[in-house]
Amino acid sequence: MSDQAFVTLATNDLYGKGALVLGSSLRNHKTTRQQVVLVSPQVSNNMRAQLGRIFDEVILVDVLDSKDSAHLALIKRPELGVTFTKLHCWALTNYSKCIFMDADTLVLCNIDELFEREELSAAPDPGWPDCFNTGVFVYRPSIETYNELLQFSTEKGSFDGGDQGLLNSFFSNWATADISKHLPFIYNLSSVAVYSYLPAFKQWNPSYGADAKVVHFLGNVKPWNCSYNPKTRCVMRDSNDYSSAVHPEFLNMWWDTFTTSVSPLFTEQDIPKETSSDKQEEEKLSEAVSQLSFTPPAPVVSSEERRKKWEQGQADYMGVDSFQNIQKKLDAYLN
Ligand code: UDP
Ligand code: GLC
Ligand code: MN
């Protein structure tokens, strides 16, 4: 199976961390395929070395940026122009078939059966199910397709400013042509979509014994931006924290893989000897984790913004808008 590979991308060290966790999760679930990570020059040498321990190939690519701020504003992700860099994955012609996975995905079981699918297979996007989500897709490397995609990107651009808009226009018959190219949603389970159809989430959530296969931390809440307590093995949250938009169970799974499979690689090498010699194992782990993570300030959501989110169906069911809090409000009002 040396001519088939899982491929991901990191244009900076933060997404590099995501790639390390994704790569470890694929290894832990015993994939028989190769693992490739595309990195851009901005990724540090240290991160490339760590990636080299998990991935079979670390390939340097130049950044492709749509610079399409107008369309990117529509998805409120000005930084995603660089996702055009993903297009380089079609140039990996040493492989006959590949599965691209975003660096913010996590594999929960072996998914090698996806290699039986054809280009372009992908799961529906939770926001617009007639589009596919480009966080997980099956494709065939080809210089011809690669060149066509590059040409398409300069001539037609992307309706969302990122790779997803571009690839959906390029593979425009995905929604209607061939149902075998529709991957089940459990191969790209969006961690923010779960609250929009809670009964289905309960039905397919792994903790209920069901078979979710890949979790995708889609959106601007990424696991590496949350703080984690290695002693309790839980992500630290408060009800106003933006991490409350993501199911805590998924965040804990990501961090669990990080602490058990990734941070041991760092603790061996990266903690200076003089401090590590007299520390307990657990303290070393906390230190490694805190060196690798940063906590962004939790944005305070105004009641106006909260109402807007509520009206858009994005209530924070686990936090400020939890049933308990609503009941408290009602009780106070009635009293
Ligand atoms: N990516 C990257 N650097 C960036 C932004 C994105 O390397 O600055 C890569 C990374 O593989 C990431 C993918 O492009 O997973 C898509 O971006 P993201 O996952 O943030 O988009 P979302 O799934 O949240 O829409
Ligand atoms: C999506 C996808 C992501 C893609 C981005 C920009 O939400 O999850 O993979 O890079 O849109 O197009
Ligand atoms: Mn993603």
Side-chain angles (χ1 to χ4, degrees), residues 6-23 36-43 47 51 55 58-92 98-106 119-128 131-139 141 145-172 174 183 188 190-193 214-225:
F6 285 98
V7 180
T8 189
L9 163 71
T11 67
N12 58 44
D13 283 15
L14 279 176
Y15 280 95
K17 256 205 262 184
L20 287 170
V21 170
L22 166 64
V36 178
V37 57
L38 307 177
V39 294
S40 68
Q42 208 195 319
V43 175
M47 177 54 78
L51 288 165
F55 287 83
V58 180
I59 298 177
L60 186 64
V61 294
D62 54 321
V63 171
L64 300 177
D65 189 339
S66 72
K67 299 206 170 83
D68 181 355
S69 48
H71 282 116
L72 290 165
L74 296 175
I75 55 171
K76 300 194 180 72
R77 301 287 300 278
E79 76 282 14
L80 289 191
V82 298
T83 61
F84 270 24
T85 312
K86 246 188 228 185
L87 301 181
H88 288 309
C89 74
W90 263 274
L92 299 175
C98 295
I99 294 168
F100 182 90
M101 300 187 75
D102 268 8
D104 61 343
T105 57
L106 174 72
E119 176 172 281
L120 186 290
S121 295
D125 184 82
W128 194 266
C131 285
F132 55 89
N133 182 272
T134 53
V136 177
F137 61 87
V138 183
Y139 73 99
T145 315
Y146 177 61
N147 288 333
E148 281 170 17
L149 281 164
L150 293 184
Q151 196 180 345
F152 194 94
S153 73
T154 47
E155 283 172 8
K156 307 251 167 71
S158 160
F159 63 76
D160 72 359
D163 65 293
Q164 181 160 310
L166 174 84
L167 291 171
N168 271 276
S169 303
F170 190 84
F171 296 100
S172 60
W174 174 85
L183 299 181
N188 186 349
S190 162
S191 56
V192 286
V214 179
V215 175
H216 183 183
F217 296 92
L218 186 153
N220 51 13
V221 180
K222 300 300 185 203
W224 51 84
N225 290 339

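Counting begins at 1 with the first residue of the sequence.
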### For Phe217, the option from Asn220, Val221, Val215 that meets side chain to side chain contact (heavy atoms under 4.5 Å, CB included)
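For Phe217, the side chain to side chain contact (heavy atoms under 4.5 Å, CB included) test succeeds with only one of Asn220, Val221, Val215, which is Val215.
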### Qualifying residue, where the test is side chain to side chain contact (heavy atoms under 4.5 Å, CB included) with Val82 and the options are Asp65, Asn12, Leu64
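By the side chain to side chain contact (heavy atoms under 4.5 Å, CB included) criterion, Val82 pairs with just one of Asp65, Asn12, Leu64: Asp65.
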### Message
Has Ser158 got a side-chain atom pairing as donor or acceptor with Asp163's backbone, closer than 3.5 angstrom?
### Response
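No, because the side chain of Ser158 does not come within donor-acceptor range (under 3.5 Å) of the backbone of Asp163.
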### Task
Test Val136 against His216 for side-chain contact (heavy atoms from CB on, under 4.5 Å), laying out the working first.
CA-CA 9 Å; Val136 177; His216 183 183; 5.6 Å; no
### Message
Please evaluate residues Val21 and Trp224 with respect to the criterion side-chain contact (heavy atoms from CB on, under 4.5 Å), reporting the C-alpha separation (whole Å), side-chain torsions for both, the decisive distance (0.1 Å), and the verdict.
### Response
CA-CA 10 Å; Val21 170; Trp224 51 84; over 6 Å; no
### Message
Under a 3.5 Å threshold, yes or no: a donor from one side chain and an acceptor from the other, between Trp90 and Glu119?
### Response
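Yes.
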Got a second to check how far [X]'s [atom1] is from [Y]'s [atom2], nearest 0.5 Å?
X	Y	atom1	atom2	value
Tyr146	Cys89	OH	SG	9.5 Å
Thr105	Asn188	OG1	CG	8.0 Å
Tyr139	Lys86	OH	NZ	11.0 Å

Would a 4.5 Å heavy-atom cut-off, applied to side chains only, mark [X] and [Y] as touching?
X	Y	result
Thr11	Thr83	no
Asp102	Leu22	no
Leu167	Trp174	no
Phe171	Ser121	no
Pro126	Ser190	yes

### Task
Fit a plane to each ring of Phe152 and Phe170, take the angle between them on a 0 to 90° scale, and name the class: parallel (under 30°), tilted (30 to 60°) or perpendicular (over 60°).
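Aromatic pair Phe152/Phe170 classed perpendicular.
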### Query
Between Leu38 and Leu92, is a side-chain contact (heavy atoms from CB on, under 4.5 Å) present by the stated rule, with each step listed?
CA-CA 10 Å; Leu38 307 177; Leu92 299 175; 4.2 Å; yes
